[in-house]
Every structure is written in structure tokens, then in C-alpha cells.
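Please read the structure below before turning to the comments.
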Protein chains: 2
Amino acid sequence: MKKKTTIYDIAKALNITVSTVSRALNDFPTISKATKNAVLETAKTLNYTPNKLATALKLGKTNIIGVIVPTVQASFFASVINSLEDGLKDKGYRIILYQSNESLAKEINGVKALLEAQVDGIIASMSLETNETNHFEEVVKQNKPLILFDRVNKSFGVPTVTLDDFMAGYIATQHLIDKGYKKIALLTTVHQIKIFSDRLQGYKKALLDNNLEIIDEFIIYGGLSIKDGRFGVGKLMRKKNKPDAIVAGDDFTALGAIKKLIEIGETPPKIGVIGFSNEGFSAYITPNLSTIDQHANEMGKECAKMFLKMIQQGNPYDEVSHTVLTPTVIDRESTGRIYK
Amino acid sequence: MKKKTTIYDIAKALNITVSTVSRALNDFPTISKATKNAVLETAKTLNYTPNKLATALKLGKTNIIGVIVPTVQASFFASVINSLEDGLKDKGYRIILYQSNESLAKEINGVKALLEAQVDGIIASMSLETNETNHFEEVVKQNKPLILFDRVNKSFGVPTVTLDDFMAGYIATQHLIDKGYKKIALLTTVHQIKIFSDRLQGYKKALLDNNLEIIDEFIIYGGLSIKDGRFGVGKLMRKKNKPDAIVAGDDFTALGAIKKLIEIGETPPKIGVIGFSNEGFSAYITPNLSTIDQHANEMGKECAKMFLKMIQQGNPYDEVSHTVLTPTVIDRESTGRIYK
DNA sequence: CTGAAAGCGCTAACAA
DNA sequence: TTGTTAGCGCTTTCAG
């Protein structure tokens with residue numbers, strides 16, 4: 001268990017001082033080519049690994065940023081993290097990952113843990129349980145960048161990166177209308193997080209703009225899952241007044257809806273179905289699923305960009321900006337009926 | 001930009017010394033209840049956040065562990081990371097994530113970066129480009145736990161957690177044979193990483209054990225992707241001697257194979273298809289795909305367990321163990337032909 | 001161009 | 001039970 005080599009070892013080996021070594025290592029202009037090369041060389045020979053911890057302690061900057069997501073197992077979050085890490089690693093930033101598992105308690109712990117680890121900032125998407133922002137307050141108080149994405153609270157004055165969920169609801173509905181569907185149901189859920197109410201508003205607005213009636217019993221509030229999709233369809237198709245298309249709350253719900261529709265002989269696109277998220281399976285199921293692309297990768301990139309900007313400007317909260325990404329329709333078979 | 005509060009501030013406020021504060025904060029037995037409470041209280045009032053960086057520097061232990069994977073965007077790796085992070089966070093460990101993007105150069109950089117960040121250990125799965133282990137050597141040299149999982153190099157003397165890939169190839173093939181298929185083709189790839197050759201051996205052994213002939217032209221070496229799956233099937237079905245079932249290198253390849261088979265009217269399970277990985281979509285496509293479960297979550301858990309064990313025992317490399325997980329067949333429609 | 005020395009925030013050995 | 005102090009490895013100001 002030999003001791004690790006430090007700049008002191010390099011200094012001793014060359015009969016110079018640590019300050020010179022430090023300067024050489026950090027490429028200061030005021031250093032002679034000769035000493036610099038000598039330092040670099042002995043650093044290599046001595047198998048020197050810089051201790052960023054010490055640097056971080058000294059400088060008050062770790063170059064580590066904390067990321068809190070409900071779970072990396074959801075393809076959306078995995079994609080965000082993927083592009084986030086990718087975009088930041090070249091700038092010298094590392095990422096500490098913390099999963100909240102949709103639990104507020106864990107999210108609170110996460111913020112605390114990351115702060116204790118002295119991260120330079122936090123990028124987070126709120127858990128479904130989260131109904132307050134007190135735990136995030138401390139990040140702001142420490143004047144460290146905090147960016148919320150996708151599942152955000154905009155009344156809390158931190159920068160956010162989100163999808164335009166009103167528009168998402170709108171274009172999903174409009175897409176169905178464009179394809180000739182006229183009696184459009186919505187499988188949704190109620191939640192603190194504004195996403196779902198925004199989408200609902202978008203759905204309603206699209207109907208209105210097309211002079212279609214908003215039928216209350218076509219709006220089903222339930223969970224979001226394959227099972228809920230099946231259940232929702234069951235409920236809808238038992239009515240005397242049946243819809244001819246369905247906007248599902250997410251792709252899993254849409255999948256459940258499709259399965260149920262196939263069972264009862266109303267295989268999409270006979271009844272149109274559109275989802276949200278563009279999950280991995282959406283392109284591969286039969287009929288493959290039209291859906292709303294949430295641009296996860298862009299979201300990661302935007303978060304990275306915003307973080308870098310906040311770090312650069314002296315005070316991260318000098319100007320708090322909200323980036324809103326534009327959702328797009330992915331047109332596939334499940335909405336492919338063409339007759340107006 | 002007020003200064004952060006440190007244990008010195010707490011000490012000053014209570015007219016005691018930092019060592020007492022430190023002891024109180026760390027719950028030393030030799031501290032009086034009174035002072036301890038006082039410390040805890042003022043810590044709260046002063047809004048104290050411990051600086052783990054300083055602790056880490058002092059103790060030479062960060063409680064951070066580095067994780068290197070090709071990408072979090074693959075569901076397998078996402079699952080491993082999910083259970084890894086989940087299993088380790090309660091033990092006080094955080095995870096720094098580093099994606100190699102299947103690039104050796106990035107993987108090398110990753111090891112370096114993580115070592116500089118003074119991680120307590122590294123858990124990694126090798127990139128497809130990786131053909132040497134020099135860059136990992138340094139981790140071992142520093143006597144820090146290094147665990148390789150899934151894509152490993154067993155001749156390199158570090159602990160590993162893997163799936164029994166020979167068995168995976170074997171049971172996939174045996175499954176098809178059990179279902180009555182007799183002319184079984186294999187869509188695979190060649191690679192440094194032993195996984196694929198192991199599976200090939202398993203495939204061959206299963207055929208042998210069942211007195212089925214190994215037909216060279218039934219073994220197609222290509223890439224692994226939807227496109228490669230289509231291509232492979234095209235190639236196979238153009239032969240005069242056609243297979244009646246296909247073991248595909250992964251689920252994507254299997255998916256491509258299925259799509260192509262449907263197109264040419266040989267919809268599985270007419271021709272059987274089995275994949276590897278149990279990707280998210282596998283259960284949802286039509287026909288849904290039989291596949292080999294790689295037990296990603298268990299793999300993460302095993303890595304976590306192994307890491308903890310290595311940390312505990314004085315020298316992490318005292319006993320180098322290799323955990324091998326048992327693959328299991330997920331029996332779905334794509335192999336559902338029953339006639340012997 | 002280089003050196004000396006303080007200090008980032010914490011822990012722990014030693015003393016009291 | 002508490003205090004004193006050195007030091008983890010590094011950067012940077014001030015001198016030279």
C-alpha cells in the first residue's frame with residue numbers, strides 16, 4: 001500500500017517547490033518551458049494522479065453536478081441523463097446521480113446529500129409525490145444553479161426546461177382531427193404536476209378550435225399504465241356514445257388501449273390512438289403507435305447549456321429563463337385512418 | 001453571497017472547540033448529551049451543511065463510486081445502474097456516472113477522471129471497442145475496488161459479475177428444440193467480448209445434446225440491430241435449406257427478424273424466434289418475443305454487494321470472486337409452435 | 001521565473 | 001469530557 005504521489009513528491013524529486021509544480025501542472029504562462037517539461041515528465045514517472053478533491057476544497061468548486069430523477073429506468077430520463085452527461089463531461093463536469101424513486105422523502109435526502117457532496121449545482125425533475133419546494137430552496141440559498149426540467153414548478157423562481165404541454169395536448173388532438181376522427185376521448189390523470197392539466201387544456205382548445213364538442217364523459221381520469229389503458233377503453237366503449245379516437249396519457253396507457261381495442265375488434269386505426277413520450281416500444285408494436293415526441297435529448301442538452309450559462313454569469317439567478325421545447329407528432333399506424 | 005457556515009462557526013457560537021463540534025456531529029460516545037444537543041441545535045440554527053469534501057480529503061475516502069457504462073440509454077444498463085444506485089445510496093455511497101459511448105478512448109478518460117475525483121472504487125462494463133485493460137490497471141494499483149460486469153475480461157484478475165452466456169445460448173436453443181423446432185439458425189456477431197462466442201458454444205452444445213446437426217450456413221455473423229435482423233433472415237430464407245427457427249443475437253435483431261418473417265409470410269411462431277435481453281418492447285410487439293432475461297437488476301445488486309464486500313475486507317483483492325448469474329427463458333408467442 | 005506560507009473544512013492523535 | 005494542533009493535497013498571494 002504505497003502512498004500516493006502528490007505534488008510534494010514531484011517538487012522534492014526536482015528540488016523545486018510545490019507552487020512551481022502546481023503552476024507547471026496548470027499550465028501557467030509564467031513558467032519556464034524547461035521546468036514545466038521536467039515537472040510533466042516526473043509527474044508521469046511518478047505516476048502522479050491529481051487529487052481533484054484537494055483542488056475542489058481549495059477552490060470551492062468540485063466540477064460535479066448533481067442530477068435527481070425519479071428513476072433512470074424510464075427511457076425518457078435515461079435519455080435526458082445521457083445527453084446531459086455527454087454534454088457536460090467535455091466541459092470537465094462529472095455527474096452524481098440520485099434517484100428519488102418518485103418519493104418526496106428520497107428527493108429531500110438527495111438534495112441534502114448532493115449539497116453535502118458540494119456539487120456545483122443541481123439539475124432535477126420532481127417526483128410525483130413532490131408538492132413543495134422547500135428542500136430545493138437551500139440550493140438557491142447557497143447560490144448554486146438549480147435547474148428543474150420536465151416535472152417542474154414554475155411558480156418557484158428557478159430556471160426550467162420543459163415541453164410545451166398545452167401544445168402537446170393540442171397537437172395530439174389536432175393530429176387525430178386531421179386524420180378524420182371527430183369523437184375524441186382523453187385518458188388522463190390528475191396531479192400536482194401541471195403537465196397533465198396543461199395537456200387537458202390543449203385537448204379542449206383543439207376541440208373548440210375545430211368546432212367539436214367537449215364531451216365530459218370522454219375525459220377519463222385514472223392512472224397511467226397498460227392496465228389503466230385497457231380499463232379506460234373498456235369504460236369508454238361501454239357507453240352508448242362511443243369515441244372514435246383516444247388521446248392516451250402516455251405510451252403505456254396507449255398500449256393498453258390498443259390491446260383492448262384489438263380484443264374487441266376495433267383495432268386501430270379503426271379507432272385512432274395516440275400516446276405521449278415515444279417510448280422505445282412505440283415504433284415496434286402492431287399497429288405501431290403514433291405519439292408525441294418529448295425530445296428528451298434536447299431537454300438534456302438545454303439543461304446542460306443553461307447550467308453552463310448560470311455558472312458563467314456571476315450570480316446564477318441574475319436572469320431566470322424558462323426554456324420551452326416544442327413537442328412534435330410522430331405519425332404512425334395507430335392514427336392512420338384517412339377519411340374525412 | 002454570505003459565507004458558508006463551518007464547524008468553526010458552531011464552535012465559536014458555543015464557545016467550544018471544533019473537535020468537540022466534530023465529535024458531537026459524528027455522534028461520538030465520549031460526548032456529553034448537553035453539548036451534543038447544543039451543537040446539533042446551533043448547527044440547525046446556523047443552517048450548517050457538512051462539507052463532505054473536507055472529510056473525504058482528510059479521511060482519504062469520498063464515499064463516491066464511479067460507474068462506467070457504454071450508455072444509460074440501453075435499458076439493460078439503465079436497470080443495472082438503477083439497482084446499483086438504489087442499493088448503494090443507503091450505505092452512504094453516491095454514484096458518479098460516466099458513459100463511454102462504446103469508445104475505448106472515452107473509457108480511458110473515464111477511468112482517469114474518476115480516479116482524479118478520488119472515487120472509492122469503480123464498477124464498469126467495457127465498451128465494444130475495448131480490447132485491453134491497461135487503463136483499468138491503475139485502479140487496481142491504487143488498491144481500489146474495481147468490478148467488471150456483463151462485458152468483462154476474465155483473464156484480467158478483477159472480480160466480475162456476469163451472466164452465464166454459454167448457458168444463455170444453450171437454453172435459448174434448447175427452448176426452441178423443446179417447442180419442436182429442429183433446424184435452428186443463429187444470428188450473431190464476432191467480438192472481443194466473450195459473450196457472443198460463449199453463446200455460440202452454448203448454441204452448438206444444445207444442438208449436439210439433442211442430436212441435431214450443426215449447420216455452418218445457419219450461423220450468420222453480422223451486426224446486431226433491427227436492420228441486421230432483417231438482413232440475416234433474408235439471407236437464411238434464400239437458401240434451399242431453410243431453418244425453422246432463429247436465435248437472434250439480441251432483441252433488436254430478433255425484432256428485425258420477425259418483421260422480415262412477417263413480410264414473407266412466415267410469421268412467428270411458424271418460424272420460431274428468440275432474442276436476448278428482454279428489452280422493454282419485447283413483451284409488447286406482435287407476436288410478442290420470447291427472449292432471455294439477463295437479470296439486469298440482480299446484476300446491479302450483485303455488483304453493489306461485491307463492492308461492499310471488497311471495501312470491508314482490508315485488501316479488496318484478497319479474494320477475487322466471479323459471480324455468474326443464471327439466465328432464464330421468457331416464453332412468449334414468438335416461439336409458440338407446439339408439435340414435435 | 002520561482003519560493004514561502006496561509007488556508008480550504010474537517011478529523012484524530014495527543015494532552016489535559 | 002474537552003482542547004490543541006497537525007495535516008489531508010492543493011492553489012494563490014505576496015515576496016523576491
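Order of the sequence lines fixes the chain letters, A, B, ..., with proteins taken first and strands second; residue numbering starts at 1 for each chain. Bear in mind that the values here come from a model prediction, so they are computed numbers and not experimental data.
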Subject >> Given DNA chain C, 5'-ward residue of the pair Arg23(B) and Leu57(B), judged by closest heavy atom >> reply: Leu57(B)

Subject >> Ile16(B) or Ala54(B), whichever maps to the more 5' nucleotide of DNA chain D >> reply: Ile16(B)

Original post:
Just checking Thr30(B): base, sugar-phosphate only, or nothing, at a heavy-atom cut-off of under 4.0 Å?
Top reply: base

Subject >> Any N/O donor-acceptor pair, Tyr8(B) side-chain to dC8(C) base, under 3.5 Å >> reply: no

**OP:** Establish whether the base of dG7(C) is bridged to the side chain of Lys58(A) by a donor-acceptor pair shorter than 3.5 Å.
**Re:** yes

Original post:
Hey, does Leu53(A) reach any base, or is it just sugar-phosphate, or nothing, if we go heavy atoms under 4.0 Å?
Top reply: nothing

**OP:** Grab the CG-P distance between Asn15(A) and dT2(C) for me, whole Å please.
**Re:** 13 Å

**OP:** Look at the side-chain N and O atoms of Ser22(A) and state whether any lies under 4.0 Å from the OP1 or OP2 oxygen of dC10(D).
**Re:** no

Original post:
Which nucleotide in the set dT1(D), dG9(D), dG9(C) lies at the smallest distance from any side-chain heavy atom of Ser32(B)?
Top reply: dT1(D)

Original post:
CD of Gln118(A) versus P of dC8(C): gap in Å, rounded?
Top reply: 14 Å

Original post:
Within the structure, does a side-chain N or O atom of Thr20(B) lie under 4.0 Å from either OP1 or OP2 of dG3(D)?
Top reply: yes

Original post:
Expressed in angstrom and rounded to an integer, what is the separation of Phe28(A) atom CZ from dT11(D) atom P?
Top reply: 8 Å

Original post:
CG of Leu14(A) versus C1' of dT2(C): gap in Å, rounded?
Top reply: 13 Å

Original post:
Choosing from dC10(D), dG9(C), dG3(D), which nucleotide comes nearest the side chain of Thr17(B)?
Top reply: dG3(D)

**OP:** Classify the side chain of Ser19(B) and the base of dT4(D) as holding, or not holding, a donor-acceptor pair under 3.5 Å.
**Re:** yes

Subject >> Interatomic distance where CD1 belongs to Ile10(B) and C1' belongs to dT11(C) [whole Å] >> reply: 15 Å

Original post:
Is any NZ, NE, NH1 or NH2 atom of the basic residue among Asp86(A) and Lys301(A) found under 4.0 Å from an Asp or Glu carboxylate oxygen of the other?
Top reply: no

**OP:** Answer yes or no: is there an ion pair linking Asp27(B) with Lys36(B), defined by an N-O contact shorter than 4.0 Å?
**Re:** yes

Subject >> Pair Arg151(B) + Glu102(B), salt bridge at N-O below 4.0 Å >> reply: yes

**OP:** Return the nearest nucleotide to the side chain of Val18(B); candidates are dC10(C), dT5(D), dG3(D).
**Re:** dT5(D)

**OP:** Using a cut-off of strictly less than 4.0 Å, decide whether Thr35(A) has a side-chain nitrogen or oxygen near OP1 or OP2 of dT2(C).
**Re:** yes

Original post:
Taking CG from Leu25(A) and P from dT12(D), how many angstroms apart are they, rounded to a whole number?
Top reply: 13 Å

Subject >> Evaluation steps, salt bridge (charged side-chain N to carboxylate O under 4.0 Å, His left out), between Glu41(A) and Lys44(A) >> reply: CA-CA 5 Å; Glu41(A) 209 164 303; Lys44(A) 189 146 287 175; over 6 Å; no

**OP:** Give the ring-plane orientation class for Phe149(A) versus Phe77(A), where under 30° counts as parallel, over 60° as perpendicular and anything between as tilted.
**Re:** perpendicular

**OP:** Return no unless some side-chain N or O of Asn51(A) is found under 4.0 Å from OP1 or OP2 of dC8(D).
**Re:** no

**OP:** State whether a side-chain donor-acceptor pair under 3.5 Å links Gln73(A) with Ser79(B).
**Re:** yes

**OP:** Quick one: label Ile7(B) by what it contacts on the DNA or RNA (base, sugar-phosphate, nothing), any heavy atom closer than 4.0 Å.
**Re:** base

**OP:** Please state how far atom CG in Asp9(A) lies from atom P in dG7(D), giving the value in whole angstrom units.
**Re:** 15 Å

**OP:** Using atom CD1 of Ile31(A) as one end and atom P of dT12(D) as the other, report the distance to the nearest whole Å.
**Re:** 13 Å

